[in-house]
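The block underneath contains the structure these notes are about, expressed in structure tokens.
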Amino acid sequence: MSTEDPRTESTTPRNEAAPQAIAAASRLGWPMVVRGILGVAFGIVTVFWPRDSSNPLQLSLPTDVVDHLAIGYLILFALALVFQAVRSPLNVRTAIFGQAVIAIPAIVFLFLADQPAELRAALSIWALLHGALEFWAYRQLRSQPMASDFLIASGVHVLLGIILVFGDGMEALSILGFTGAATLIAGVIFIIGGYSRLSKGRQLAKLGALPEQIDSPAEAADPTDAAPSGAADAADDANPSDAADTSDPADAADTSNPADAAGEADRTTEAADSADSGDPDDPDTDTPVKKEP
């Protein structure tokens, strides 16, 4: 009966993210925090706008006031998106820049909006397009930890767009309230996600495992991806064709030809005979010296 302990190998947990992926995610920490603070501030102003039934002026809000509030938010939001795009991996920058670009026509339409229906149309289209691009960013960042933050933000904006599309009887204040609620939810998610990314990045920095530069997820790939290329180089070094060149069968055939071998043997025998039949006076020869009487 064997008393040996079973062999066990330490394996890395599957849910543990690679340092490269965490480093790439930590670069998005501050942009996400900035976006979150902006969304929370706008949401608090709009959601908790004073609504007193005793004061009819607080039950409605002029369309131009809502336009100016939304325009101010979208301008700051676009600047925050540019900041995020600069610090994002290369494969996701198109989606982030796209979110900043679609804010431009939304701002233009808000400047031209005079009726709640026009305001609702501008914000609903912006919300749907922004949600679609946010979902694209999530698809590109799935390999990073906590990528679900972008998925939640995408769902919130898409839901806002659907509510505004079917909200035929909404007034300006109601439109502003739903928009502020969506930005508030997304802002809280981004603040939490950004802070978590920064915390993980600081932990890696303390351990000395934080890579110096991460530009794309391709750089955060598994180091074993480079093994096939090294194996190919080793295979090239041990190519059988090189061995074939050093041991050519034709050369072996030339050296193993019976006729050539026989001729070489004859030449060796003749050389030996000539050595034995040397000059009798030579002291090194074995031929006896015949003395004359």
Side-chain angles (χ1 to χ4, degrees), residues 12-39 74 77-106 123-165 179 181-201 204 210-211 213-225:
T12 304
R14 298 185 61 181
N15 57 354
E16 183 178 351
Q20 294 86 351
I22 297 177
S26 64
R27 289 176 57 86
L28 298 176
W30 281 116
M32 292 180 65
V33 170
V34 172
R35 283 183 58 180
I37 294 175
L38 181 61
L74 288 179
F77 187 67
L79 295 177
L81 286 171
V82 172
F83 175 48
Q84 179 181 346
V86 171
R87 296 179 62 87
S88 297
L90 295 176
N91 64 335
V92 78
R93 288 183 182 177
T94 302
I96 305 300
F97 276 123
Q99 295 176 13
V101 169
I102 63 173
I104 298 175
L123 290 178
S124 62
I125 295 174
W126 166 79
L128 291 174
L129 292 177
H130 180 82
L133 291 174
E134 198 83 83
F135 180 75
W136 183 16
Y138 159 74
R139 292 291 302 272
Q140 299 297 326
L141 296 173
R142 283 183 302 176
S143 60
Q144 293 187 3
M146 300 169 290
S148 59
D149 298 336
F150 296 93
L151 179 62
I152 297 174
S154 172
V156 169
H157 284 86
V158 171
L159 181 61
L160 170 64
I162 294 175
I163 292 174
L164 294 179
V165 166
T179 304
T183 59
L184 180 61
I185 296 172
V188 172
I189 295 298
F190 276 119
I191 289 176
I192 297 174
Y195 180 77
S196 300
R197 286 168 170 80
L198 293 175
S199 299
K200 289 183 177 295
L204 283 181
L210 186 65
Q213 184 177 2
I214 296 292
D215 289 335
S216 64
E219 298 180 7
D222 192 356
T224 56
D225 295 340

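Note: hydrogens, waters and symmetry copies are ignored here, and every other heavy atom, side chains too, is used.
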Taking all non-hydrogen atoms of both residues, which atom of [X] and which atom of [Y] are closest, and how far apart?
X    : Y    : answer
A100 : V82  : CB-CG2, 4.2 Å
P89  : L141 : CG-CD2, 4.1 Å
L164 : S124 : CB-CB, 3.6 Å
L81  : I96  : O-CG2, 3.2 Å
A80  : V34  : CB-CG1, 4.1 Å
G98  : L133 : C-CD1, 3.4 Å

Would you say the side chain of [Y] lies within less than 4.5 Å of the side chain of [X], judging by non-hydrogen atoms?
X    : Y    : answer
V33  : W30  : yes
L74  : W126 : yes
M146 : K200 : yes

* Check ring-ring contact (aromatic ring centres under 6.0 Å, His included) between F77 and all other residues, then give those that pass, not counting sequence neighbours. =>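 F77 satisfies ring-ring contact (aromatic ring centres under 6.0 Å, His included) with Y73, H130 once adjacent residues are dropped.
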* Might you confirm whether atom CZ of F97 has over 12 heavy atoms from other residues, nucleotides or ligands at distances under 6.0 Å? => yes
* Under the side chain to side chain contact (heavy atoms under 4.5 Å, CB included) test, which residues partner A95, sequence neighbours left out? -> W136, A137
* Inter-residue atom distance R142.CZ - S148.OG, 0.5 Å rounding -> 13.0 Å
* With rounding to the nearest 0.5 Å, note down the distance linking CG in L160 to CG in L123. => 7.5 Å
* Asked: Taking the six-membered ring for Trp, are the ring centroids of F190 and F150 within less than 6.0 Å of each other?
  ->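 Yes, close enough.
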* Asked: Distance-only, no hydrogens or angles: does the R197 side chain make a donor-acceptor pair with backbone N or O of R27 under 3.5 Å?
  -> no
* Asked: Donor-acceptor pair, R87 side chain versus L28 backbone, under 3.5 Å?
  ->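 Not at all, since once roles are kept as given, no pair shorter than 3.5 Å links the two residues.
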* Asked: Less than 4.0 Å between a side-chain N and a carboxylate O, is that true for D149 and R35?
  ->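 Not counted as a salt bridge, because no side-chain N and carboxylate O are separated by less than 4.0 Å.
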Side-chain donor-acceptor contacts of residues 152-159 below 3.5 Å, not counting sequence neighbours, with atom names and distances?
unit_1 : atom_1 : unit_2 : atom_2 : d
S154   : OG     : G131   : O      : 2.6
H157   : ND1    : A153   : O      : 2.8

